[in-house]
Protein chains: 2
Amino acid sequence: MVLSTAKGSIPLYIQIKDLLVARVTEGKWVPGDTIPSEIQLARELNVSQGTVRKAITELVENNVLVRRQGRGTFVATHDVDRALFHFFHIVNDSGIKILPESKTLSCRKKRASRQEASKLKLSNGAQVVCIERTRKLDNQPTIIETIILPQSLFGELGKRQARNLPNTLYELYETQFGITIHRAEEQLRAVAASEHDASLLGLEPGAPLLEIERTALTLGGTPVELRISRCSTSKHYYQNTVL
Amino acid sequence: MVLSTAKGSIPLYIQIKDLLVARVTEGKWVPGDTIPSEIQLARELNVSQGTVRKAITELVENNVLVRRQGRGTFVATHDVDRALFHFFHIVNDSGIKILPESKTLSCRKKRASRQEASKLKLSNGAQVVCIERTRKLDNQPTIIETIILPQSLFGELGKRQARNLPNTLYELYETQFGITIHRAEEQLRAVAASEHDASLLGLEPGAPLLEIERTALTLGGTPVELRISRCSTSKHYYQNTVL
DNA sequence: GATGTTAAGAGTTATATAAGACCTTAACCA
DNA sequence: TGGTTAAGGTCTTATATAACTCTTAACATC
């Protein structure tokens, strides 16, 4: 790629930003990598350090890169902190957030339903991996999660790791499958607990549950995970901060 | 206030940012005002335009200021768009967001409950204004809202405007009371509809409702509104985008 | 000789400044 | 009425210097 400085063209720092994003999405730089210093990139691209810096700044605000003064700039990784901070919103009544432990109930392959296929942008009836698990908060089963993954991306999962899945899946996606979840869209509803829900959570059937349907996307915007969580909110709630 | 450039002191642009925020919170600049240009501020404060610019940039990211190239920089206002975009999260099943019309049921004074006082940081038993209203989505009553406001700030409301309240309250707070809502914290739960809820929404008692408890804060971080919404989510859902 | 402390240096990001390009508006003129 | 221009705002880019982090080597101490 060559940068254009012609009159009326896109600003340099935007072009550089796109170029840096491309290096991440293509896997040339992977999570945890140190990217070249601002000065190196500036020399390579024939612009000033400040211009590279502006591009990087926006990517840091997007959670694509992480800066550490005196150290360098890194491709952001999915550690537990990020999972908690960005993607987990359930807190207990004291407002404290703790990542729940998980117990996998099943992990099998099936054909995607119409809805699932549409939300994951798969062709009708494509194969998916379907995980079901419960999660404990404050030592009480509180959440039932159903996770749908395209088999084309996560094929290995069906075979090997059926029952010993780690607690933070996004870390696994990143390290084992080279897939980094970058953002998500969540749709929340109140639903009545089914018999199945109720027995797993120790509630009466018909009890109100908070249903969170999350579509998780990569940096490129491809949906790669569909996750439906049904939560008992008698001792916990979903916390959202509106800026 | 004087800026400090001594070695080891806080960066200039942060000091400028604080200074600009102060001018907004003190009411020296009010929503809609044009603030002095970057160059004017730079001259006034004896720094370069770029330094002022960096301060303003962060405030734009915080939704405190709004820039318009060629026009100037303005203090952000609470128009309908902002209300919709930042503070209203209910969309219909097609993903479309429409601000619901409101019907005020009651507007009266009372003493704050313990919880209300604590969440609004009022002394125990302080006077509050309590508004109850329903809101229609797609021509169907879908939300019941209970709004609690400190009477110390919103005294006038109790008297005059009892029944002809506008649809977007935050605009009213800003224009009539000089109070700008800057951010909010929302706590979501699934609850069972009471008889009262059910009759207002045309549902069976016990039907699951999504309860949203929102605390709205000023730029200074003072809580100024407590709002509890109970929503039927059979044809709508709460949309949250996680970046 | 082994170990802990200090100082210097190289490499990195962070801050501040300056200059010109670009955008918007309004006044002016043909 | 429509085009031109000037003024004044933000936006982009470049450059210089400060602040921070880590490594290494010199040195004192046990």
If you measure only the distance, is there a donor-acceptor pair under 3.5 Å linking the side chains of A:S102 and A:R135? yes

Tell me, please, which residues at least two apart from [X] pass side-chain hydrogen bond (donor to acceptor under 3.5 Å, both in side chains).
{"X": "B:Y238", "answer": "A:N240, B:E186"}
{"X": "B:E185", "answer": "B:R183"}
{"X": "B:E58", "answer": "B:K17"}

When the C1' atoms of the five terminal pairs at each end define the local axes, what inter-axis angle does the helix from C:dG1-D:dC30 to C:dA30-D:dT1 show, to 10 degrees? 0°

Applying salt bridge (Lys or Arg N to Asp or Glu O under 4.0 Å), run through A:K28 and A:E26 and close with a yes or a no. CA-CA 6 Å; A:K28 179 164 179 179; A:E26 289 165 8; over 6 Å; no

Going by heavy atoms closer than 4.0 Å, what residues in residues 46-56 of chain B are next to DNA chain D? B:Q49, B:R53

Side-chain donor-acceptor pairs under 3.5 Å in residues 62-69 of chain B, sequence neighbours left out?
unit_1: B:R67; atom_1: NH1; unit_2: B:E38; atom_2: OE2; d: 3.0
unit_1: B:R67; atom_1: NH2; unit_2: B:T57; atom_2: OG1; d: 2.5

Taking only residues two or more places apart in sequence or in another chain, which ones pass side chain to side chain contact (heavy atoms under 4.5 Å, CB included) with A:S37? A:I39, A:Q40

How would you give the extent of chain B contacts on DNA chain D, as first and last nucleotide 5' to 3' within a 4.0 Å heavy-atom cut-off? D:dG8 to D:dA19

Enumerate the residues from residues 60-76 of chain B whose closest heavy atom to DNA chain C is under 4.0 Å, giving them by residue number; use none for an empty result. B:Q69, B:G70, B:R71

Excluding sequence neighbours, so at least two apart, what forms ring-ring contact (aromatic ring centres under 6.0 Å, His included) with A:H86? none

B:Y173: which residues meet the ring-ring contact (aromatic ring centres under 6.0 Å, His included) condition with it, sequence neighbours left out? B:F154, B:Y170

Per-pair distances, 0.1 Å, donor-acceptor, side chain in residues 71-83 of chain B, under 3.5 Å, sequence neighbours excluded:
unit_1: B:H78; atom_1: NE2; unit_2: B:I181; atom_2: O; d: 2.8
unit_1: B:D79; atom_1: OD1; unit_2: B:R82; atom_2: N; d: 3.0

